[in-house]
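Proteins get letters first, then strands, A, B, ... in listed order; numbering begins at 1 in each. Note that the structure is predicted; figures quoted are calculated from it, not measured.
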Number of protein chains: 2
Amino acid sequence: MSSAAVVGTKGVPRAEREEQIIAVAIDEFAVRGYAGASMVVIARRAGISKPLVYQYFGSKDGLYLTCLHHVAGALLERLELAQLQEDDSVASRVRTLQAVFEALAPQRSAWQLLYDSSMPAAGEIADAARGYQARTAALAASGSERFLRSRGLGSALDASALSAVWMGLVNSLVAWWLAHPDESAEDMTQRCYRLVGAVLG
Amino acid sequence: MSSAAVVGTKGVPRAEREEQIIAVAIDEFAVRGYAGASMVVIARRAGISKPLVYQYFGSKDGLYLTCLHHVAGALLERLELAQLQEDDSVASRVRTLQAVFEALAPQRSAWQLLYDSSMPAAGEIADAARGYQARTAALAASGSERFLRSRGLGSALDASALSAVWMGLVNSLVAWWLAHPDESAEDMTQRCYRLVGAVLG
DNA sequence: ACGGTAAATGACCGCAGGGTAATTAACTTC
DNA sequence: GAAGTTAATTACCCTGCGGTCATTTACCGT
């Protein structure tokens with residue numbers, strides 16, 4: 001066995017290692033939550049020891065923050081782009097779902113990071129999370145408001161609630177997808193078309 | 001001040017204290033999650049010291065278990081009752097929502113306990129939680145399957161996904177309700193009628 | 001009066017988990 | 001090939017938290 005893991009081995013270059021760690025950490029944070037995740041476990045799952053993680057990311061908060069930006073940055077960019085092509089139709093809503101599925105395809109569990117309730121309530125990562133949450137909420141809100149207005153409802157509270165429901169809907173679809181790893185993003189999109197058809201028809 | 005909190009005060013009778021503790025604990029568990037919640041904090045928020053909590057509930061798991069039964073028992077009883085009067089109509093779905101709101105009215109945050117992801121994956125409380133989850137899932141599933149079948153779709157996977165979406169929808173409505181404490185259960189029910197009307201109409 | 005029991009606490013233990021220091025070995029460069 | 005840098009580790013510290021013990025005071029039945 002060459003895996004003696006001897007101290008001092010100049011093995012994997014930093015950038016690559018960081019990617020590995022981030023991938024593992026995203027999954028671990030998503031599954032166990034911020035409070036439940038352990039740095040030692042993350043390190044072990046990445047095949048290295050704890051201090052290296054600290055050397056590269058500084059702290060648990062630092063690592064979480066990095067994961068958050070890694071995940072949310074790409075996702076939001078994708079979603080804000082998709083929003084530009086939205087209209088009032090139902091098909092448009094499903095296309096947004098499609099954008100979510102495709103953006104999440106490389107690492108589905110990522111989604112959970114954005115809304116982890118065991119996150120610290122104050123500090124840098126709370127601010128960052130709130131920022132991303134606000135951006136996704138703004139997307140959902142503008143869509144919901146437009147949708148309701150086009151159907152004659154103008155209540156701000158109703159729009160806010162519909163927005164929350166929409167985000168919850170996305171969330172639950174992603175969660176279901178996580179539990180069914182064999183389904184592709186394309187499968188999910190088709191399924192959504194079917195279901196929407198059934199509910200509305 | 002009489003709140004010297006002297007040791008030995010035979011103050012509040014056990015049953016009453018347990019209620020106080022449970023109320024605080026449900027909220028704390030709901031907000032911070034199982035992993036994030038601290039027994040000391042729960043004790044302090046209940047106005048007592050940690051050992052008393054242990055004397056009454058044995059362990060963190062014991063306390064969580066008690067909270068879980070406290071919450072889920074009443075809720076499921078209510079929901080299973082409501083299911084008996086369900087049919088294929090949309091109004092029927094909203095009535096189920098109404099049952100949820102009314103059952104949750106005394107302590108809205110309770111809902112989060114059922115699906116806390118930072119819960120231990122094995123052991124008594126995991127079993128109990130899975131049991132309750134299975135019962136709620138069964139409710140949602142039977143409703144979803146009937147709904148889809150009445151509209152010509154028979155895929156088991158589709159039904160499973162719709163069931164997940166339905167539960168997510170309930171979840172997000174409850175979460176929104178939590179963030180808007182001024183809204184009554186009745187308000188929420190009316191709001192749901194309006195929104196469903198807008199989406200379907 | 002008085003012994004038993006119930007309510008309640010401060011002080012402690014052990015461990016897990018975040019975080020750090022000191023050190024080692026491989027590559028790079030001149 | 002010496003010097004510096006980089007990947008990596010072991011061993012440790014400290015705080016916070018789950019959990020326990022011994023003890024104290026108030027009430028209740030006899």
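- Within the structure, salt bridge (charged side-chain N to carboxylate O under 4.0 Å, His left out) contacts touching residues 174-186 of chain B (residues at least two apart or in different chains) are B:E183-B:R191.
- For the pair A:R95 and A:E86, the salt-bridge criterion is not met [side-chain N within less than 4.0 Å of a carboxylate O].
- Ring orientation note: the planes of A:Y115 and A:W111 are tilted relative to one another, at an angle of 30° to 60°.
- With sequence neighbours left out, A:E77 forms a salt bridge (charged side-chain N to carboxylate O under 4.0 Å, His left out) with no residue at all.
- In this model, no donor atom of one side chain and acceptor atom of the other lie less than 3.5 Å apart for B:T96 and B:Q83.
- B:F57 comes within 4.0 angstrom of no nucleic acid atom, judged by non-hydrogen atoms across all strands.
- Between the CG atom of B:L52 and the C1' atom of C:dG10 there is a distance of 14 Å, rounded to whole Å.
- Each salt bridge (charged side-chain N to carboxylate O under 4.0 Å, His left out) pair with one or both residues in residues 40-64 of chain A, not counting sequence neighbours, appears once here: A:D27-A:R45, A:E28-A:R45.
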Base, backbone or nothing for each nucleotide of nucleotides 17-22 of chain D, written B, S, -, heavy atoms under 4.0 angstrom, 5' to 3'?
-> -BBBB-

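- Note: A:F29 and A:Y64 have perpendicular aromatic rings, judged against thresholds of 30 and 60 degrees for the angle between ring planes.
- For A:S49, the side-chain hydrogen bond (donor to acceptor under 3.5 Å, both in side chains) test picks out no residue, with sequence neighbours left out.
- If you check residues 16-26 of chain A against DNA chain C, you find no residue with a heavy atom closer than 4.0 Å.
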